[in-house]
Amino acid sequence: MKRKDTVKLISADEMEFVIDKDAAMVSQTIRNMLTSPGGFAETELGEVTFPEISAVILEKICQYFYWALQYSRFVFLYQCLVCVNAVDISNG
């Protein structure tokens with residue numbers, strides 16, 4: 001996996017979690033930190049430090065990002081199927 005495809009999240013106790021950028025982008029806050037214009041350190045380095053979040057909590061947050069990323073795909077697929085079904089029903 002290329003460095004640009006990953007993000008490093010750093011906890012208060014300096015544990016580093018390297019995760020897929022797509023997973024990190026589940027969080028709107030992290031998305032804003034990584035994509036904001038102006039040459040901020042987070043954007044340049046692909047790293048976000050959380051000085052008030054412990055490694056134990058940040059690990060669970062990372063797990064949630066992957067879960068949400070996987071689950072959102074199923075929700076989208078389900079919504080598409082519902083729409084297709086609604087069109088079929090309305091067309092008789």
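Keep in mind the model is a prediction, meaning the values are calculated, not measured.
Annotation: the span from Leu58 atom CG to Phe50 atom CZ amounts to 6.5 Å, rounded to 0.5 Å. A distance of 8.5 Å separates OG1 in Thr49 from CE in Met33, rounded to the nearest 0.5 Å.
Between Tyr66 and Ile19, the closest side-chain pair of non-hydrogen atoms falls below 4.5 Å. The shortest side-chain heavy-atom distance between Leu34 and Met25 falls under the 4.5 Å cut-off. In this structure, Leu9 and Ile30 have side chains that are in contact, with non-hydrogen atoms separated by less than 4.5 Å. Between Asp5 and Lys21, the closest side-chain pair of non-hydrogen atoms is not below 4.5 Å. Looking only at side-chain heavy atoms (C-beta outward), Ile53 and Ile61 come within less than 4.5 Å of each other.
Qualifying side-chain hydrogen bond (donor to acceptor under 3.5 Å, both in side chains) partners for Ser11, counting only residues two or more places apart in sequence or in other chains: Asp13. Partners of Gln28 under the side-chain hydrogen bond (donor to acceptor under 3.5 Å, both in side chains) rule, at least two apart in sequence or in another chain, are Asn32. For Gln63, the side-chain hydrogen bond (donor to acceptor under 3.5 Å, both in side chains) partners are Lys60, not counting sequence neighbours. Residues that satisfy the side chain to side chain contact (heavy atoms under 4.5 Å, CB included) test with Tyr64, not counting sequence neighbours, are Val26, Trp67, Ala68. The side chain to side chain contact (heavy atoms under 4.5 Å, CB included) search around Val18 returns Thr6, Lys8, not counting sequence neighbours.
Between Met15 and Ala55, the closest heavy-atom pair is CG-CB, 3.5 Å. Taking each heavy atom of Ala12 and Pro51 in turn, the nearest pair found is CB-O, 3.2 Å. Closest heavy-atom contact between Phe65 and Ala24: CD1-CA, 4.1 Å.
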Evaluate side chain to side chain contact (heavy atoms under 4.5 Å, CB included) for Glu47 paired with Ile10, printing each intermediate quantity in order.
CA-CA 7 Å; Glu47 297 180 2; Ile10 305 168; 3.8 Å; yes

